[in-house]
Amino acid sequence: MQDLDTDRYKTTAMNNIIQDDQNNKTALKRPKSKKNINHFTDMHGLPCIEKIVCTVEDTPRPIQTNITGKFPEWVNGSFLRNGPGKFEIGNHKFNHWFDGMALLHQFKISKGQVTYKSRFLSSDSYLANKENNRITVSEFGTVTVPDPCKNIFQRFLSRFELPKPTDNANVSVVTYKGDYYVSTETNMMHKIDPETLETTQKVNWSNFIAVNGATAHPHTDLDGTTYNMGNSFSCKGSYYNIIQVPQNKGNSEETLEGAKVLCSIPSADSAKPSYYHSFAMSENYVVFIEQPIKMDLLKIITGKLKGKSISDSFSWDPKLKTIFHLIHKKTGKVSAIKYLAQPLSVFHQINAFEEDGYIILDMCASDDGQAISNYNVQNLRKSGEDLDEVYNTLCRVFPRRFVLPLNVDKKTPFNHNLNSLPNSSATSLRIGKNKIFCTHEDLHGEDLHEYGGLEFPQINYGKYNTRAYRYFYGCGFRHLVGDSLIKMDLKDKHMKVWEKPGLYPSEPVFIPSPDAIEEDDGVILSVVITPHKDKSTFLLALDAKTFEELGRAEVPVNIPYGFHGTFHATV
């Protein structure tokens with residue numbers, strides 16, 4: 001790639017930064033009225049999908065599914081899923097989609113047959129709620145009310161207690177040292193039996209390292225070492241901590257023994273650290289994205305007193321730039337170079353890998369960070385124009401690539417595009433002693449706009465995580481939840497789509513075939529929700545190469561739309 005007009009690049013980039021700052025300052029002064037809310041799309045006539053957030057009963061004993069088509073004989077194991085399954089406790093209702101009680105799902109696949117079962121996670125939060133028939137533990141968007149059995153003075157004093165972290169681990173199913181855990185973003189996880197879905201042990205990160213929580217999206221190296229991130233808050237400030245968990249157990253009873261904090265990164269604003277849902281990892285580096293979604297710690301601490309939930313402490317600050325922090329996995333050293341980008345919001349990374357002195361960082365991102373507040377249960381249950389209004393105020397999420405140069409020193413020129421990779425339109429411009437300003441390259445064509453962007457990205461993780469890759473899979477979002485499955489080919493940015501009217505597929509998970517030669521040899525599994533048809537949810541199997549449907553396993557019970565899962569292979 002030939003050198004570009006560097007003066008023009010610097011001038012354009014800096015002018016864009018100044019103009020964006022001015023626009024953002026103007027936007028912040030606007031009153032928060034309905035007519036001043038940003039509208040990113042103009043969709044009309046969206047179908048109501050309220051049943052995706054309806055409370056269901058669990059089915060702890062396996063039930064047969066109705067198979068149409070065919071599941072490959074070589075697919076043997078349990079497809080495990082996690083997500084909210086109970087949105088009311090007695091007369092009390094949860095406010096946010098993220099608050100529902102964790103319901104674990106298992107689709108057991110063997111010799112072309114599929115059984116299904118589910119079980120509510122036996123968390124302390126769930127058991128206390130069930131025993132008292134009311135919400136007793138605050139969740140992300142729901143504040144518990146004082147116990148009516150206490151006297152007035154006791155109820156008054158209870159408002160001054162620090163919020164108790166929930167152990168309602170309803171986000172993902174993850175592994176550490178070969179064991180399966182369900183996780184959310186607090187310091188509590190639960191070890192589960194992948195065969196029975198029973199909760200076997202509650203595990204507190206704080207018993208092993210000094211963190212106040214960890215993400216539900218760890219990364220695992222080829223040798224089994226697992227990395228994660230967790231916050232820590234103290235009188236010294238707010239820190240982002242890179243966590244390393246060893247691959248081996250000393251005995252069968254071990255959980256997180258041997259975990260250590262690889263390094264701590266101070267928050268740019270100690271009182272308002274950035275929110276992050278996940279992070280990226282290449283062969284030698286962890287990449288942490290400090291985005292302009294901020295958590296106001298004072299609001300969190302005083303939330304119970306004021307009757308405010310944790311979600312009320314979140315805010316989007318478009319005056320701030322996004323910062324990419326690079327941490328070397330072996331040394332724990334944080335790069336002195338800060339890679340900056342325009343303000344963006346990211347929940348899920350696709351992949352990251354190193355090539356010719358660069359880190360290639362792929363993610364699903366948007367230009368607005370206020371989407372979290374839109375996903376309250378009330379919004380998901382709306383219909384007609386009210387539902388359209390919610391959707392149209394959500395910024396679309398698209399796959400993007402950033403190119404971060406690793407070899408930056410005092411000789412690195414200013415005012416010069418440092419990205420020399422062929423066929424790459426991403427730019428990296430040195431704008432300060434230790435600052436590189438980056439612009440992204442779109443990893444899609446115009447046709448993806450027709451499907452509302454892409455989220456819940458997945459790859460052939462076992463073989464291609466931290467490595468150069470060609471394919472990724474995700475959900476298209478022409479609704480508040482995924483309504484299509486998409487396969488993206490990075491070679492030519494061509495995509496394949498599976499979609500059916502009235503069907504809402506969840507996160508696709510790639511299962512490699514045992515004799516796989518090519519990257520996309522395998523199947524895609526996704527749980528498809530049917531909110532307009534009773535007891536018809538099914539497990540879908542697609543040929544990952546052709547993206548053609550192979551089979552369905554229809555479940556004779558209702559299932560809510562979930563978040564994340566994994567495949568537990570058995571011999």
Side-chain angles (χ1 to χ4, degrees), residues 49-63 65 78-90 92-108 114-130 135 137 139-142 166-174 180-186 188-200 202 216 375 377 380-381 456 481-482 504-507 509 525-531 534-539 553 555-568:
I49 55 171
E50 63 178 337
K51 290 186 178 179
I52 68 168
V53 284
C54 282
T55 293
V56 299
E57 298 297 325
D58 59 357
T59 54
R61 294 186 179 182
I63 56 177
T65 64
S78 296
F79 185 40
L80 305 173
R81 294 279 300 164
N82 193 0
K86 186 181 287 291
F87 298 91
E88 299 87 19
I89 306 292
H92 295 211
K93 298 180 179 181
F94 290 112
N95 296 326
H96 202 280
W97 190 20
F98 300 170
D99 298 347
M101 293 290 95
L103 180 62
L104 314 182
H105 311 264
Q106 179 206 72
F107 292 86
K108 193 166 188 177
V114 181
T115 60
Y116 169 81
K117 64 180 171 184
S118 64
R119 187 185 294 272
F120 280 108
L121 176 68
S122 297
S123 64
D124 292 347
S125 299
Y126 174 76
L127 296 175
N129 290 344
K130 186 176 180 181
I135 299 173
V137 180
E139 299 290 343
F140 174 75
T142 306
T166 180
D167 66 337
N168 177 34
N170 65 2
V171 175
S172 190
V173 184
V174 299
Y180 285 81
Y181 294 81
V182 288
S183 176
T184 179
E185 296 181 341
T186 68
M188 300 292 184
M189 294 194 302
H190 293 270
K191 185 190 288 189
I192 63 165
D193 184 327
E195 292 299 320
T196 66
L197 299 183
E198 291 180 342
T199 308
T200 61
K202 184 170 78 170
Y375 279 95
V377 175
L380 290 165
R381 290 175 176 171
F456 292 133
V481 298
Y504 297 86
S506 54
E507 174 190 59
V509 172
L525 297 180
S526 173
V527 178
V528 181
I529 309 300
T530 57
D534 192 45
K535 298 179 180 179
S536 299
T537 294
F538 59 90
L539 177 65
V555 182
V557 297
N558 290 320
I559 301 175
Y561 198 96
F563 296 137
H564 299 288
T566 190
F567 186 73
H568 169 58

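- Under the 4.5 Å side-chain criterion, counting only non-hydrogen atoms from C-beta, Ser118 is not in contact with Ile559.
- Figure legend: Lys86 and Tyr126 shown without cation-pi pairing, the cationic atom not lying both under 6.0 angstrom from the six-membered ring centre and within 45 degrees of its axis.
- Remark: the backbone N or O of Val114 is paired with a side-chain donor or acceptor of Thr65 at under 3.5 angstrom.
- The side chain to side chain contact (heavy atoms under 4.5 Å, CB included) test with Leu121 singles out one residue from Val182, Leu103, Asp167, and that residue is Val182.
- Counted within 6.0 Å of NZ on Lys130, heavy atoms from surrounding residues, nucleotides or ligands total 12 or fewer; the atom is thus considered open.
- In this structure a side-chain-to-backbone donor-acceptor pair under 3.5 Å is present from Tyr561 to Gly482.
- In this structure, the side chains of Glu195 and Lys108 come closer than 4.5 Å at one or more pairs of heavy atoms.
- Ring geometry, His96 versus Phe140: the interplanar angle exceeds 60°, so the pair is classed perpendicular (tilted spans 30 to 60°).
- Residues Leu197 and Lys117 meet the side-chain proximity criterion, which asks for heavy atoms closer than 4.5 Å.
- Here OG of Ser183 is found 12.0 Å from CE of Met188. Values are rounded to the nearest 0.5 Å.
- Side-chain contact between Phe563 and Pro84 is present, with at least one heavy-atom pair separated by less than 4.5 Å.
- Residues meeting the ring pair (Phe, Tyr, Trp, His ring centres under 6.0 Å) test with Phe79, sequence neighbours left out: none.
- Within the 3.5 Å criterion, the main-chain N or O of Thr166 finds no donor-acceptor partner in the side chain of Glu139.
- By the 4.5 Å heavy-atom criterion applied to side chains, Leu525 and Leu539 are counted as neighbours.
- A donor-acceptor pair under 3.5 Å links the side-chain atoms of Thr199 to the main chain of Ser122, judged by distance alone.
- Nearest heavy atoms, Ser536 versus Thr530: C-OG1, 3.3 Å.
- Here the closest non-hydrogen pair linking Ala216 and Val174 is O-CG1, 3.4 Å.
- Looking at Asn82, its side chain does come within 3.5 Å of a backbone N or O of Ser172 through a donor-acceptor pair.
- The main-chain N or O of Ser123 is never found under 3.5 Å from a side-chain atom of Asn168 such that the two would form a donor-acceptor pair.
- Looking only at side-chain heavy atoms (C-beta outward), His564 and Phe456 come within less than 4.5 Å of each other.
- For Glu57, the CD atom is loosely surrounded, since the number of other residues' heavy atoms within 6.0 Å does not exceed 12.
- Residue Pro556 comes nearest to Lys535 through the heavy atom pair O-CD, 3.5 Å, listed as atom of the first residue, atom of the second, then distance.
- Between the Asp99 side chain and the Thr142 main chain, a donor and an acceptor come within less than 3.5 Å of each other.
- Here the CZ atom belonging to Phe87 is positioned 8.5 Å from the CH2 atom belonging to Trp97, to the nearest 0.5 angstrom.
- The shortest side-chain heavy-atom distance between Val527 and Thr537 falls under the 4.5 Å cut-off.
- Of the inter-residue distances, the one linking His105 atom NE2 with Asp58 atom CG reads 10.0 Å to the nearest 0.5 angstrom.
- Here the side chain of Ser78 pairs no donor or acceptor atom with the backbone of Leu80 at under 3.5 angstrom.
- A 4.5 Å side-chain heavy-atom check between Ile63 and Arg61 finds every atom pair outside the cut-off.
- A pairwise comparison of heavy atoms in Pro560 and Ile529 identifies O-CD1, 3.7 Å as the closest pair.
- With Asn558 contributing its side chain and Val56 its backbone, the two residues share no donor-acceptor pair below 3.5 Å.
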